[in-house]
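Structure first, then comments.
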Amino acid sequence: MRPFTYLTPKTLDEAISLHQSHGERAKYIAGGTDVLVKIKEGKLAPDYLISLKHIIGQDRPFLDPETGELYVGAFCTHRSIEQSPLVQHRYPILHDAVKNIGSVQIRNVATIGGNLVNAVPSADAAIPLIALDGRANIYGPKGQRSIELGRFFLGPGQCDLEAGEILTEIVIPPLLSRTGSAYIKHGRREAMELPMLGVGVLLSLKEDMVTCAKARVCLGVAAPTPFRALQAEKHIEGKPVDEDSLTEAGQIAGRESKVRDSIRGVAWYRREMVEVLVKRMGLKALERARARNKEVLKTED
Ligand SMILES: Cc1cc2nc3c(=O)[nH]c(=O)nc-3n(C[C@H](O)[C@H](O)[C@H](O)COP(=O)(O)OP(=O)(O)OC[C@H]3O[C@@H](n4cnc5c(N)ncnc54)[C@H](O)[C@@H]3O)c2cc1C
C-alpha cells in the first residue's frame, strides 16, 4: 500500500482547513471500510487521510425532546445505531437496514456518514433514511447547509458534496402517529455481501387504522441511485391498505425501477423481486403500525 500521512483533527473547522491546505491530495476517512479498500486496490492514492473519527460530537442517535426530531450523527457507527433501543423501537426500518451491514467487525467501525457519502446504489442505510424523509446537514468551507436525502445522490459513487464539505448529521422529522416501516436487504446471503436489491416501505395510517395517510416506497440497486417510487406511493395514499393495494403498488414500483443486469443479479429477476418485496415490506410495515398503535393506546389507558 502506498504510504500516506494520517491527520487527526479534533474539530470540523480544523478538518476543513486541513482539507483546504492539501486540496486533491487529501481524503476524509471515517471508519475506513470503503476508503482503505480502495487504497489497497489502487483506486485511490491520497497523500493525506484526514480522520473524522477524532471530532468530538454525538456518537449515538438521539431524539430532540422539544421538536421530536431524530438526530443521527454522521460519525455514528452502524453498530451504535443497531444497538440503540430508540432506533429498534421507533425506527425499525433503520434498524432492519443497519443490523445486516457487513459483519459485527465492519459495523463496529463503519459509519452511517461514510455509507451515504460513498453513494453506491447498494448503500443499505440510504433507503430507510430517505423513507424517513431525512435531511443531510453539511458543513464546509462556505458554512452550513441542509439538503433532503432524496436529492443527495447524483449517480453511482456521486453525491451532492463539494470539495472539503463534511456530512455532519441526518435529521429525521417527527413520525406521524400510527406509522410502521420495514426494510429488506435481498441477496444470496444476508451477511458480508452488498444487497442485490434493497426495499423499504413506510406507512402511516389514519385513525381508522386502515386508510393510508402517507406512504414511502424506497428502492436501492433498482436504479443508478437510491430512489422513491413516487407512483407506487401515490397508489397507496388515501386508500385502504391491504394485500391487493400493496400487490398493485409493487407492480407499479417494478415498472418505475430502472434495473439492470449485474454480477449480483439479472434485471428481470430484480424487477420481479421489487414487486414481491414491496408487497412483503408493505404488509410488515402495516403490521408494525398496528402493533405500535396498540402499544400507544395501552400506555394512554
Ligand atoms: C467486508 C465489507 C462488507 C460490507 N458490507 C456492506 C453492506 O452490507 N451494506 C453496505 O451498505 N455497505 C457495506 N460495506 C461498505 C461500507 O462498510 C459502508 O459503506 C460503510 O458505511 C462506510 O463507512 P466508513 O465510515 O467506513 O466510510 P469510509 O471508508 O471512511 O469513507 C467512505 C467515503 O465517504 C467519505 N466520508 C466518510 N465520512 C464522511 C463525512 N462524514 N463527510 C464527508 N465525507 C465522508 C470518505 O472520504 C470516503 O469517500 C461493506 C464493506 C466491507 C469492507
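Whatever order the structure lists them in is the order used to number ligands and atoms, beginning at 1.
Residue contacts with ligand 1 for Leu52 involve side-chain atoms from C-beta outward but no N, CA, C or O (heavy atoms, distance under 4.0 Å). When heavy-atom distances to ligand 1 are checked against a 4.0 Å cut-off, Glu165 comes that close only through its backbone atoms N, CA, C and O. The proximity of Ile106 to ligand 1, defined as any non-hydrogen pair under 4.0 Å, is limited to the side chain. Only side-chain heavy atoms of Leu161 come within less than 4.0 Å of ligand 1; its backbone N, CA, C and O stay farther off.
Defined by atom type and a distance below 3.5 Å, a donor-acceptor pair is missing between the side-chain atoms of Ser177 and Arg292. A donor-acceptor contact under 3.5 angstrom links the side chains of Glu295 and His89, judged on distance only. Donor-acceptor pairing under 3.5 Å is lacking for the side chains of Asn137 and Tyr71.
Under the 4.5 Å side-chain criterion, counting only non-hydrogen atoms from C-beta, Tyr91 is not in contact with Thr179. Using a 4.5 Å cut-off on side-chain heavy atoms (C-beta onward), Glu69 and Pro174 make contact. The shortest distance between side-chain heavy atoms of Pro141 and Gln20 falls below 4.5 Å. Contact check for Asp261 versus Trp268: no side-chain heavy atoms found under the 4.5 Å cut-off. Looking only at side-chain heavy atoms (C-beta outward), Asp34 and Ile29 stay at 4.5 Å or farther from each other.
Counting atoms of ligand 1 from 1 in the listed order, those under 4.0 Å from a heavy atom of Phe75 are 41 (N). Less than 4.0 angstrom separates some heavy atom of Gly102 from each of these atoms of ligand 1: 3 (C), 4 (C), 5 (N), 6 (C), 7 (C), 8 (O). For ligand 1 and Ser122, the ligand atoms under 4.0 Å from any heavy atom of the residue are 11 (O). Applying the 4.0 Å criterion to heavy atoms of Ala30 picks out, from ligand 1, the atoms 25 (O), 30 (O), 37 (C), 38 (N). Listed by number with element, the atoms of ligand 1 under 4.0 angstrom from any heavy atom of His78 are 20 (C), 21 (O). Heavy-atom proximity to Lys185, at under 4.0 Å, picks out these atoms of ligand 1: 7 (C), 8 (O). For ligand 1, the atoms sitting less than 4.0 Å from at least one non-hydrogen atom of Ala123 are 11 (O), numbered in the order shown with element in parentheses. Residue Ile29 has at least one heavy-atom neighbour below 4.0 Å for each of these atoms of ligand 1: 30 (O).
Using 4.0 Å as the threshold, Lys38 has no heavy atom nearer than that to any atom of ligand 1. Under a 4.0 Å heavy-atom criterion, Val120 is not in contact with ligand 1.
No path of Ile, Leu, Val, Met, Phe, Trp and Tyr side chains, each step under 4.5 Å between heavy atoms, connects Val109 with Leu44, placing them in separate hydrophobic clusters.
Hydrophobic side-chain contacts under 4.5 Å tie Ile166 into a cluster, directly or through other members, with Leu7, Leu12, Ile16, Leu18, Tyr28, Tyr48, Ile50, Leu52, Ile55, Phe75, Tyr139.
Heavy-atom proximity to atom 32 (C) of ligand 1, evaluated over Gly114, Ala125, Ala110, is greatest for Gly114.
Between Ile101 and ligand 1, not a single N/O pair is under 3.5 Å apart. Distances between N or O atoms of Val37 and those of ligand 1 include no value under 3.5 Å. Considering backbone and side-chain atoms alike, Leu167 places an N or O below 3.5 Å from some N or O of ligand 1.
Side-chain atoms of Arg228 do not come within 3.5 Å of backbone N or O of Ile130 as any donor-acceptor pair.
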